There are 2 protein chains.
Amino acid sequence: MTKRTYICGLDAAIAVMGGKWKGLILFSLGEEGLLRFGELRRAVPGISERMLILQLRELEASGLVHREVHHQVPPKVEYSLTEFGSSLNTALAPLGEWGEEHMERIEAIP
Amino acid sequence: MTKRTYICGLDAAIAVMGGKWKGLILFSLGEEGLLRFGELRRAVPGISERMLILQLRELEASGLVHREVHHQVPPKVEYSLTEFGSSLNTALAPLGEWGEEHMERIEAIP
DNA sequence: ACTCCTACTGACAAAAGTGTGGGTACCGAA
DNA sequence: TTCGGTACCCACACTTTTGTCAGTAGGAGT
């Protein structure tokens, strides 16, 4: 009877990792472990600086990603998955495998 | 000529089930098996008729959903998952469980 | 003094996604 | 004759998302 804002777990999950980029960012961080901004940018081909920053801010606010600033010049900021983010990444893995498996068919769609 | 290839499986998967509704539609069809338009509409609270139609058309074009028209009056159209859609639904399950498990935390985010 | 480097920030605009309110078709029941 | 019921379609407007381009800070190297 708890008043839920989301209609099911999938709905909630999509709300936090939805959009075109968040899944890929999580995936990259899951693979590499610790990445600085520029590295992350290269790890997610096609994303603009602005988009990466916006998405990272949201992921940080959601508690999925940890941001560590090293006070240096030039600046150095490192991103990594939190426990929470890591658990989401694990849940995302089968979806990635599915996409990998059916890549050709998916590419043939548009 | 937009010859785009996806950068990884997750990218491809997100391309076909991305957006706010497709995951939920697939999920509902996975649960219920066979639903007519009006039933599906009720199964996905908050979606508008227009959105449901648009999303169903895309899912159909992607080969994830099967559409069967019964020539009757009043009209009767039934939707169901294809094998392909069913496999995606399976891959989506862990994500749904993750969301279910962390529902409270997710709801506390905005 | 000048430029390079990195991680940002902000203004603006285009594109994509979404909602609203209307309409269509058909048949049978009232 | 009018109405109810179902599954749509269309035009328009609005909102959210995404992209583009410029600019900032401050120490280090030349």
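Naming: A, B, ... by sequence-line order, numbering from 1 per chain. These figures come from a predicted structure and were not determined experimentally.
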Starting at [atom1] of [X] and ending at [atom2] of [N], how long is that distance when rounded to a whole Å?
X: A/Leu56; N: D/dT18; atom1: CG; atom2: P; value: 14 Å
X: B/His71; N: D/dT6; atom1: NE2; atom2: P; value: 19 Å
X: B/Ile53; N: D/dC9; atom1: CD1; atom2: P; value: 6 Å
X: A/Gln72; N: D/dG29; atom1: CD; atom2: C1'; value: 17 Å
X: A/Leu54; N: D/dT18; atom1: CG; atom2: C1'; value: 9 Å
X: A/Ile47; N: D/dT17; atom1: CD1; atom2: P; value: 14 Å
X: B/Arg50; N: D/dC14; atom1: CZ; atom2: P; value: 15 Å
X: A/Leu24; N: D/dT17; atom1: CG; atom2: P; value: 17 Å

Examine A/Trp98 together with B/Phe84 and report whether their ring centres are nearer than 6.0 Å. yes
Using modelled atom types and a 3.5 Å cut-off, is there a donor and acceptor pairing between side-chain atoms of [X] and backbone atoms of [Y]?
X: B/Ser86; Y: B/Leu81; value: no
X: A/Glu39; Y: A/Arg36; value: yes
X: B/Asn89; Y: B/Gly85; value: no
X: B/Glu107; Y: A/Thr5; value: yes
X: B/Thr82; Y: B/Leu64; value: yes

Between A/Gln55 and A/Val73, whichever has its closest DNA chain D nucleotide further toward 5' is A/Gln55
By nearest-heavy-atom nucleotide on DNA chain D, the more 5' of B/Val69 and A/Glu49 is B/Val69
Phosphate-side-chain proximity, [X] and [N], N/O vs OP1/OP2 below 4.0 Å:
X: B/Arg57; N: D/dC9; value: yes
X: A/Lys22; N: D/dT17; value: no
X: B/Arg67; N: D/dC8; value: yes

Could you tell me the boundaries of the chain B footprint on DNA chain C, defined by atoms under 4.0 Å from its heavy atoms? C/dT18 to C/dC27
From the set D/dG19, D/dG26, D/dC8, return the single nucleotide nearest to any side-chain atom of B/Val77. D/dC8
B/His70-B/Glu78 side chain donor-acceptor pair, cut-off 3.5 Å: yes
